[in-house]
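Just so it is clear, the values below take in all heavy atoms, side chains as well, and ignore hydrogens, waters and symmetry mates. All chains are named by letter (A, B, ...) in the order of the sequence lines, taking the proteins before the strands, and each is independently numbered beginning at 1.
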Protein chains: 2
Amino acid sequence: MTEAPAHDRGTRSREAILDTATDLMSRHGYAATSISMISAACGLPASSIYWHFGSKDGIYVAVLQRARITLETALPSIDVPGADVAQRLDSFLEALTVVFQRHPHGTKLLLGLSMLQQSASAEAVAELHRYRDTLMAWARGALSRVFDLGDRPEVSEELARFTLRTASGTAVARWFEPAASLDIEPLRVALRALAAHRSGVPAGKTPRVGHP
Amino acid sequence: MTEAPAHDRGTRSREAILDTATDLMSRHGYAATSISMISAACGLPASSIYWHFGSKDGIYVAVLQRARITLETALPSIDVPGADVAQRLDSFLEALTVVFQRHPHGTKLLLGLSMLQQSASAEAVAELHRYRDTLMAWARGALSRVFDLGDRPEVSEELARFTLRTASGTAVARWFEPAASLDIEPLRVALRALAAHRSGVPAGKTPRVGHP
DNA sequence: GTCTATAAAGTGATAGAC
DNA sequence: GTCTATCACTTTATAGAC
């Protein structure tokens with residue numbers, strides 16, 4: 001008898017399928033990734049893939065789910081270290097850079113979601129939202145600590161939304177310049193200015209300039 | 001004889017095909033949009049589509065090309081009106097909002113580019129870049145006027161890049177909240193802060209805080 | 001330029017032996 | 001759990017009449 005532990009071989013196959021599916025789908029998108037492509041790339045026959053995941057949609061859901069769980073466990077603490085705002089902001093931005101660089105699957109998968117409009121199953125859409133909610137919650141919590149916004153949840157929300165949109169925009173930019181990095185510096189300046197702006201201005205009030 | 005002018009009927013068909021292809025591809029993405037879908041939606045048989053565009057890729061290129069030309073002619077003047085910075089910035093942001101709302105095809109098409117990695121033809125990639133370059137050039141020029149940056153092209157470049165990434169990020173956010181708007185206010189604050197930051201700091205120098 | 005008809009290959013998915 | 005073999009369907013693309 002082999003020394004192989006209780007782990008079934010099936011579990012390993014499952015992971016292997018998920019690995020290649022994650023890779024292919026994040027590179028080509030959901031629609032452009034076929035079962036036969038996955039089968040050829042991971043060595044297992046198509047029927048095994050169906051045995052594990054039931055359908056192409058099932059693979060997509062499983063891929064998203066695993067990506068989200070991986071992200072969750074890898075996400076740095078919300079309690080960003082640092083004595084003053086500048087230091088904590090730096091910690092946050094560094095953490096964000098790490099997340100952005102080490103979990104490109106997530107951002108790319110979120111973009112390979114051309115399927116959302118019609119072909120997406122309810123499960124896939126739900127999983128997609130869960131992934132994004134995870135990121136939002138982390139950014140919101142961390143930014144609340146950075147700028148000490150415990151009493152101003154709307155401001156944390158706004159800063160987090162802004163941060164995530166910048167990150168998404170950078171992910172898009174990568175299609176054109178694959179080397180595009182997160183551009184920490186403008187984001188730092190922007191976040192500080194936004195936080196200061198919202199601190200000096202009563203919540204809800206928005207000073208407009210010019211136009212009626 | 002009919003009053004119909006020299007315009008061939010073929011030209012109209014061509015436009016009709018492009019219309020529906022633009023709609024379908026921006027909603028479902030390139031890969032998920034089939035010739036038969038386009039054929040069914042626009043009424044013309046598949047062979048007519050091939051007669052006009054030669055291949056599926058050819059349709060995509062033509063769609064992108066037309067979208068870019070439409071954008072170019074619709075793009076407001078780079079010479080943003082306004083006496084002071086605040087007014088000109090407001091003009092720019094309003095123009096940006098209009099572009100963003102009235103040309104969603106473009107932003108969505110840029111995102112339906114899952115095809116870039118492998119299946120994309122050189123022509124399609126080139127056209128995609130041209131579309132983006134058009135937007136960047138406009139934003140760069142306009143922001144240069146807004147903040148009077150004639151002598152600091154790197155700053156205009158940075159501001160434009162930041163603006164476009166924010167806009168792209170918002171386009172992504174629309175998958176989750178279809179009602180998501182461009183969030184002019186944070187962008188305004190961020191751009192002013194960035195411009196001020198770059199004016200006060202010598203070009204190239206970047207003050208870092210904290211970490212070594 | 002537009003149509004019908006069809007070729008050739010690929011797709012998602014399943015049956016059943018092992 | 002994994003394999004071979006296959007079904008029913010859709011895909012891109014073309015041929016040729018009109």
Side-chain heavy atoms of B/E154 within contact of B/R198, under 4.5 Å
no
Range on DNA chain C touched by chain A, heavy atoms, distance below 4.0 Å
C/dT11 to C/dA15
So, are A/R130 and A/E72 salt-bridged, with charged N and O less than 4.0 Å apart?
no
Between B/R14 and B/D8, is there a salt bridge with N-O shorter than 4.0 Å?
no
Report yes or no: is the cationic atom of B/K56 (NZ for Lys, CZ for Arg) closer than 6.0 Å to the six-membered ring centre of B/Y50, at no more than 45° off its axis?
no
Mind telling me whether B/F176 and A/H129 have parallel, tilted or perpendicular rings, with 30° and 60° as the class edges?
perpendicular
Using a 4.0 Å heavy-atom cut-off, write out nucleotides 6-13 of chain D from 5' to 3' as B (base contacted by protein), S (sugar-phosphate only) or - (no contact).
-----SSB
Less than 4.0 Å between a side-chain N and a carboxylate O, is that true for B/R12 and B/E15?
no
Can A/R140 and A/D133 be counted as an ion pair, charged N to O under 4.0 angstrom?
no
